[in-house]
Amino acid sequence: MKNSKDESFFEKVYDVVRQIPYGKVTSYGAIARCIGSPQASRMVGWAMNGSHTIKPYVPAHRVVNRNGMLTGKVHFGGRDTMQELLKAEGIEVIEDKIVNFKAHFWDPMSIY
DNA sequence: CTCGTGACTCCCC
DNA sequence: AGGGGAGCCACGA
């Protein structure tokens, strides 16, 4: 991918998240670090907040915190939608945590 | 236009 | 080892 500065932080985030392969997940910090702002991991989450509004579809359910926990599941309708989506992709989730998170982890750096 | 907050993470004590 | 504080960028009121 190209690192054009024309793209805003949000656009970069969306771009990366859309590249997440099926059955894979990543963390906010990994994305933030990859786009050049390791400390701006919060912004990634904030970007996800509006991800359902933009297009094309952004697989925000594949983005979790550093612990592999579904911190943003509440934003998927206040139910276990996020967990269901992950499970549908072969990712086992227990207690809002991804089982064997490291095995399913995908490095955003791969697209660069 | 200014202030506050947010789906996080890292460093320091 | 656990708790607390700071930093990042963007958006809404």
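Only heavy atoms go into these numbers, but all of them, side chains included; no hydrogens, no water, no symmetry mates. Keep in mind that this is a model prediction, so the values were computed, not measured. Within every chain, numbering begins at 1; the chains are lettered A, B, ... in the order of the sequence lines, protein sequences first and strands thereafter.
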Trainee: Give every residue pair that meets the salt bridge (Lys or Arg N to Asp or Glu O under 4.0 Å) criterion with at least one member in residues 63-91 of chain A, sequence neighbours excluded.
Mentor: R62(A)-E89(A), K73(A)-D80(A), K73(A)-D96(A)
Trainee: What's touching nucleotides 4-8 of chain C from the protein side, N or O pairs under 3.5 Å?
Mentor:
unit_1 : atom_1 : unit_2 : atom_2 : d
dG7(C) : O6     : R42(A) : NH1    : 2.2
dG7(C) : N2     : Q39(A) : O      : 2.9
dC8(C) : O2     : Q39(A) : O      : 2.6
dC8(C) : N4     : R42(A) : NH2    : 3.3

Trainee: Between dA7(B) atom P and R62(A) atom CZ, what is the distance in whole Å?
Mentor: 22 Å
Trainee: Starting the side chain at C-beta, find the nucleotide from dA7(B), dT9(B), dA10(C) nearest to S27(A).
Mentor: dT9(B)
Trainee: To the nearest Å, give me how far apart CD1 (I31(A)) and C1' (dT9(B)) are.
Mentor: 13 Å
Trainee: Given dA10(C), dT9(B), dA7(B), which nucleotide is nearest the side-chain atoms of R66(A)?
Mentor: dT9(B)
Trainee: How long is the gap from NZ on K97(A) to CD on E92(A), to the nearest 0.5 Å?
Mentor: 11.0 Å
Trainee: So how far is it from I35(A) CD1 to K12(A) NZ, rounded to the nearest 0.5 Å?
Mentor: 6.5 Å
Trainee: Is N49(A) touching bases, backbone alone, or none of the nucleic acid, heavy atoms closer than 4.0 Å?
Mentor: base
Trainee: From C-beta outward on H75(A), which listed nucleotide comes closest to its side chain: dC10(B), dA7(B), dC11(C)?
Mentor: dA7(B)
Trainee: How does the hydrophobic cluster around V99(A) look, that is, which other residues are in it when side-chain heavy atoms under 4.5 Å mark a link?
Mentor: I94(A)
Trainee: Between P on dA7(B) and CD1 on I98(A), what's the gap in Å once rounded to a whole number?
Mentor: 18 Å
Trainee: Grab the CD-P distance between E11(A) and dC11(C) for me, whole Å please.
Mentor: 10 Å
Trainee: Any ring pair (Phe, Tyr, Trp, His ring centres under 6.0 Å) involving residues 67-102 of chain A? Give me the pairs, sequence neighbours left out, ordered by first then second residue.
Mentor: F101(A)-F105(A)
Trainee: Mind checking what makes side chain to side chain contact (heavy atoms under 4.5 Å, CB included) contact with F10(A), not counting sequence neighbours?
Mentor: Y14(A), W46(A), A47(A)
Trainee: Which sits closer to the 5' end of DNA chain B, W46(A) or N65(A), going by the nucleotide each is nearest to?
Mentor: W46(A)
Trainee: May I ask you to verify if any side-chain N or O of R33(A) is less than 4.0 angstrom from the OP1 or OP2 atom of dC10(B)?
Mentor: yes
Trainee: For W106(A), which residues count as a side chain to side chain contact (heavy atoms under 4.5 Å, CB included) partner, sequence neighbours excluded?
Mentor: V16(A), Q19(A), I20(A), P21(A), K24(A), T26(A), P108(A), S110(A), I111(A)
Trainee: Between dC8(B) atom P and F101(A) atom CZ, what is the distance in whole Å?
Mentor: 13 Å
Trainee: For the pair made of OH in Y28(A) and P in dC10(B), what is the distance, rounded to whole Å?
Mentor: 14 Å
